[in-house]
Peer 1: 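Next up is a structure, given as structure tokens.
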Amino acid sequence: MKRRKMVVWLMVAAMTMSGMAGCGGSSNSKTETTAAKADNTTTAAGEEKAPESEATKEAIDVKSLPAGSVDLSIMLPLGQWTDNFDTLIEAYKAEHPEIGEITATFPSSDKYDDLLVSALSAGDLPNIINLGYGIRRQDWWQYCEDLSTGCAAYDMLTEEQIANGTNGEYGMLVMPMVLEGTGILYNTRILEEAGWDHTPQTRDELLQYCKDLQAKGIQPFMLPWAETYLNLFNNVGNYWLLNKPDGGKATLERLMAGEDVDLANDPEMTELLDTYEEILIPFAQEGAVSADKWTCRNAFFAEECAMLVGEGSYETPNIQNANPAMLEYVKQDILPVSNDANKNKMAIASISASVTKNEDPNQVACAKDFVSFLVSSDTARIWHQETMGSPTAIQGLEVSDNLPTIAKDVIDCNKAGKGVENIFVYMPSSIYTDMQENWAKYVAGAATREEFLERYQQIFKDYNDGIYG
């Protein structure tokens, strides 16, 4: 593959500045604190800018290219795709003789940003990467292509999806592929054994369910609090914002502007912390603060606990591998942090792909075509839905009769108006480290509720004051 002449100063600046993000050295604060606020028409003195693609100036018929003349690379933070993605590569190459090799890497989400920075510094940024909605990877916008041309799937998107994926002057950079729902995974066999005919829909019901399980000697849930990024800060910690009428966007804007939003008296934050203090912390397993995600997932798959909190519909292939029979009685539902059942929402993540700039227009054109295949082809639709258990993001695509039950639960939740895009993606990545540390101290009992809330507010004030770069 032709090596790309990418700038290195972004990585150097990120490594230098990341120390300002606070203690802990998270892998998720590397790209926010760079000097890449300028657009891609400017460069640091003596440095090259990201290559300008010529692909959009003239349409390229990718199938007219010489056989085996284009290699592609893809890196997405989707570890669950590792063992299954070759199916799509083989299907695409069978119809596209112009493609030589497709190199695919799927690191875990907590390692992804570091690997992306390293790839940039090596001048070998993958052709297809994940930006996602929101601003957390905004410093990478300048390195990505506008997908409104040369990517047929663009014409199948909703106006909202186009708006969410459009980033100012850079164009439409984010192509949604699938949806993931995050809340609680329930073992309904255990639920019924405990005398319940429905999943808890309020905080008080969840508390009673935990008491009923404990009375029967059943561990309610396993909590992976060593996963401060995935569980505490991302998948669970933002539910106070998600349960607000606008999904938390107005409150987040106020926080990021440095405004004091009186967190101690915020009703949704109070509900979330009450859930921790009345349910999650008292019924957590011993050693929850040092438990990782796989310890907890495996316990759920082995049916050693009744619920998996902060995980979601993307667990289908893992359940299939560990305990396929469970797919018949596992259910995805909301995390009920409020006693008003109508307020409780399910966090929805739009999993997406973006195409990076390249001085070879053929690579750009082929990367856009491959992304369109991943998003909208019937082959990919079946793979996403039936193999990976994920609802496809394009609404016009057929829903398979073989869609696993927890993916159907996500669709049903969305149709009922109870799904909301996770506000996490609209938070700047430079604050992640300190936010994770704050949550870790709280669940470990090293910080009181008052100290936690004071620090939470202060992090946003510091961000507004420019302390995070």
Peer 1: Would you call the rings of Y229 and Y432 parallel, tilted or perpendicular, taking 30° and 60° as the class edges?
Peer 2: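 Tilted, since the angle between the ring planes falls between 30° and 60°.
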Peer 1: Once you round to the nearest 0.5 Å, how far does CG of L125 lie from CG of L116?
Peer 2: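 With rounding to 0.5 Å, CG (L125) is 5.5 Å from CG (L116).
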Peer 1: Taking C-beta and beyond as the side chain, do I102 and H96 meet within less than 4.5 Å on heavy atoms?
Peer 2: no
Peer 1: Would a 4.5 Å heavy-atom cut-off, applied to side chains only, mark M307 and L206 as touching?
Peer 2: yes
Peer 1: Any idea which heavy atoms bring G419 and N414 closest together, and the distance?
Peer 2: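 Closest approach of G419 to N414: CA-OD1, 3.4 Å.
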Peer 1: Does a donor on one side chain and an acceptor on the other come within less than 3.5 Å for N243 and E271?
Peer 2: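 Per modelled atom types, N243 and E271 side chains form no pair under 3.5 Å.
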Peer 1: Quick one: pull up CG in N235 and CD in E180 and give me the separation to the nearest 0.5 Å.
Peer 2: 9.0 Å
Peer 1: Has the side chain of Q363 got a donor or acceptor atom that lies under 3.5 Å from a matching backbone atom of D71?
Peer 2: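 Indeed, once roles are kept as given, a pair shorter than 3.5 Å links the two residues.
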Peer 1: Is there any ring-ring contact (aromatic ring centres under 6.0 Å, His included) pair reaching into residues 314-363, and which pairs are they, with sequence neighbours excluded?
Peer 2: none
Peer 1: Is K93 reaching over with its side chain to a backbone N or O of G100, donor-acceptor style, under 3.5 angstrom?
Peer 2: yes
Peer 1: Check R203 against I279 and note the closest heavy-atom contact, atom names and distance.
Peer 2: O-CD1, 3.4 Å
Peer 1: Is a side-chain N or O of S73 found less than 3.5 angstrom from the main chain of N127, in a donor-acceptor match?
Peer 2: yes
Peer 1: Show the atom names and distances, to 0.1 Å, of all donor-acceptor pairs under 3.5 Å that link a side chain in residues 396-408 to residues at least two apart or in another chain.
Peer 2:
unit_1, atom_1, unit_2, atom_2, d
S400, OG, E386, OE2, 2.5
S400, OG, N402, N, 2.9

Peer 1: Which label fits Y92 and F370: parallel for a plane angle under 30°, tilted from 30 to 60°, or perpendicular past 60°?
Peer 2: tilted
Peer 1: Going through the distances and angles, do K418 and M346 end up as a side chain to side chain contact (heavy atoms under 4.5 Å, CB included)?
Peer 2: CA-CA 6 Å; K418 298 185 74 66; M346 178 182 291; 5.7 Å; no
Peer 1: Under 3.5 Å, is there a donor-acceptor pair linking the side chains of W240 and D266?
Peer 2: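 Side chains of W240 and D266: no pair found under 3.5 Å.
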Peer 1: Please work out whether the ring planes of W81 and H384 are parallel, tilted or perpendicular, with thresholds of 30° and 60°.
Peer 2: tilted
Peer 1: If you round to the nearest 0.5 Å, how far is CE of M326 from CG of N318?
Peer 2: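 Here the interatomic distance stands at 12.0 Å.
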Peer 1: Is there a donor-acceptor contact under 3.5 Å linking the side chains of D340 and S338?
Peer 2: no
Peer 1: For the residue pair D204 / Q208, report whether a side-chain donor-acceptor contact shorter than 3.5 Å exists.
Peer 2: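 Result is no, nothing qualifies.
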Peer 1: Does the side chain to side chain contact (heavy atoms under 4.5 Å, CB included) test come out yes or no for I281 and W225, once each step is laid out?
Peer 2: CA-CA 10 Å; I281 293 174; W225 287 340; 3.8 Å; yes
Peer 1: Is the shortest side-chain heavy-atom distance between K63 and E98 below 4.5 Å?
Peer 2: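 K63 reaches E98 side chain to side chain.
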Peer 1: Taking G181's backbone N and O only, do any of them form a donor-acceptor pair with S313's side chain (distance below 3.5 Å, no angle check)?
Peer 2: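 Side chain of S313 to backbone of G181: a pair is present.
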Peer 1: Please work out whether the ring planes of Y209 and Y186 are parallel, tilted or perpendicular, with thresholds of 30° and 60°.
Peer 2: tilted
Peer 1: For the backbone of H198 and the side chain of E205, can you confirm whether one donor and one acceptor N or O come within less than 3.5 Å of each other?
Peer 2: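 Checking the backbone N and O of H198 against the side chain of E205, no donor-acceptor pair under 3.5 Å is found.
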Peer 1: When you compare the side chains of Q385 and T392, does any donor N or O come within less than 3.5 Å of an acceptor on the partner?
Peer 2: yes
Peer 1: Without hydrogens or angle criteria, can the side chains of T295 and D292 be said to hold a donor-acceptor pair below 3.5 Å?
Peer 2: yes
Peer 1: Using modelled atom types only, decide if a donor and an acceptor are shared between the side chain of D146 and the backbone of M172 within a distance under 3.5 Å.
Peer 2: yes
Peer 1: I'd like to check S148 versus T166 (side-chain heavy atoms, cut-off strictly below 4.5 Å). Are they in contact?
Peer 2: no
Peer 1: Are side-chain N/O atoms of Y442 and E277 paired as donor and acceptor at under 3.5 Å?
Peer 2: yes
Peer 1: So does E193 pair up with R189, basic N to acidic O under 4.0 Å?
Peer 2: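 Judged by the 4.0 Å cut-off on N to carboxylate O distance, E193 and R189 do form a salt bridge.
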Peer 1: Thinking salt bridges, do K343 and E268 make one under a 4.0 Å N-O criterion?
Peer 2: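 A salt bridge is present here (some side-chain N lies under 4.0 Å from a carboxylate O).
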Peer 1: Short question: side chain of D124, backbone of A119 - any donor-acceptor pair under 3.5 Å?
Peer 2: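 Side chain of D124 to backbone of A119: no pair is present.
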Peer 1: Measuring from L374:CG to I351:CD1, what's the distance to the nearest 0.5 Å?
Peer 2: 13.5 Å
Peer 1: Among I348, N234, L241, find the one that has a side chain to side chain contact (heavy atoms under 4.5 Å, CB included) with N422.
Peer 2: N234
Peer 1: Indicate the atoms forming the closest heavy-atom contact of S108 with K293, along with that distance.
Peer 2: CB-NZ, 3.9 Å
Peer 1: Can you check whether V70 reaches L72 side chain to side chain, under 4.5 Å on heavy atoms?
Peer 2: yes
Peer 1: With rounding to the nearest 0.5 angstrom, report the CD1 to NZ distance, I60 to K368.
Peer 2: 9.5 Å
Peer 1: Give me the atom names and distance for the closest heavy-atom approach of L223 to A284.
Peer 2: CD1-CB, 3.6 Å
Peer 1: Does the side chain of T228 come within less than 4.5 Å of F233's, by heavy atoms?
Peer 2: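 Side-chain contact under 4.5 Å: no.
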Peer 1: Any side-chain heavy atom of Y112 sitting closer than 4.5 Å to one from M75?
Peer 2: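 Contact flag for Y112/M75 side chains = yes.
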Peer 1: Do you know which two heavy atoms are closest between P176 and V375, and how far apart they sit?
Peer 2: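 Of all heavy-atom pairs spanning P176 and V375, the closest is O-CG1, 3.4 Å.
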Peer 1: Can you tell whether the side chains of D378 and R381 come within less than 4.0 Å, N to carboxylate O?
Peer 2: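 Between R381 and D378 there is a salt bridge, with a charged N closer than 4.0 Å to a carboxylate O.
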Peer 1: Are the side chain of N358 and the backbone of V364 linked by a donor-acceptor contact shorter than 3.5 Å?
Peer 2: no
Peer 1: With a 3.5 Å distance limit and no angle check, can you tell me whether T251 reaches the backbone of G248 through a side-chain donor-acceptor pair?
Peer 2: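 No, T251 side chain to G248 backbone: no donor-acceptor pair under 3.5 Å.
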Peer 1: Less than 4.0 Å between a side-chain N and a carboxylate O, is that true for D113 and R137?
Peer 2: yes
Peer 1: Assess whether side chain to side chain contact (heavy atoms under 4.5 Å, CB included) is satisfied between I162 and Y154, documenting all intermediate values.
Peer 2: CA-CA 8 Å; I162 292 173; Y154 175 86; 3.7 Å; yes
Peer 1: Apply side chain to side chain contact (heavy atoms under 4.5 Å, CB included) to the pair C144 and L131, showing each step before the final yes or no.
Peer 2: CA-CA 9 Å; C144 290; L131 293 181; 3.7 Å; yes
Peer 1: Taking all atoms of both residues into account, what is the closest heavy-atom pair of F221 and C305, and its distance?
Peer 2: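 Shortest heavy-atom separation between F221 and C305 comes out as CA-CB, 4.0 Å.
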Peer 1: Is there a donor-acceptor contact under 3.5 Å from the side chain of E421 to the main chain of S350?
Peer 2: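 Yes.
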Peer 1: Could you state the interatomic distance from CE (M269) to OH (Y239), rounded to the nearest 0.5 Å?
Peer 2: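 Output value for this atom pair is 15.0 Å.
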Peer 1: Side chains of Q201 and N344: donor-acceptor distance under 3.5 Å anywhere?
Peer 2: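 There is no such pair (donor and acceptor under 3.5 Å, judged by atom type) between the side chains of Q201 and N344.
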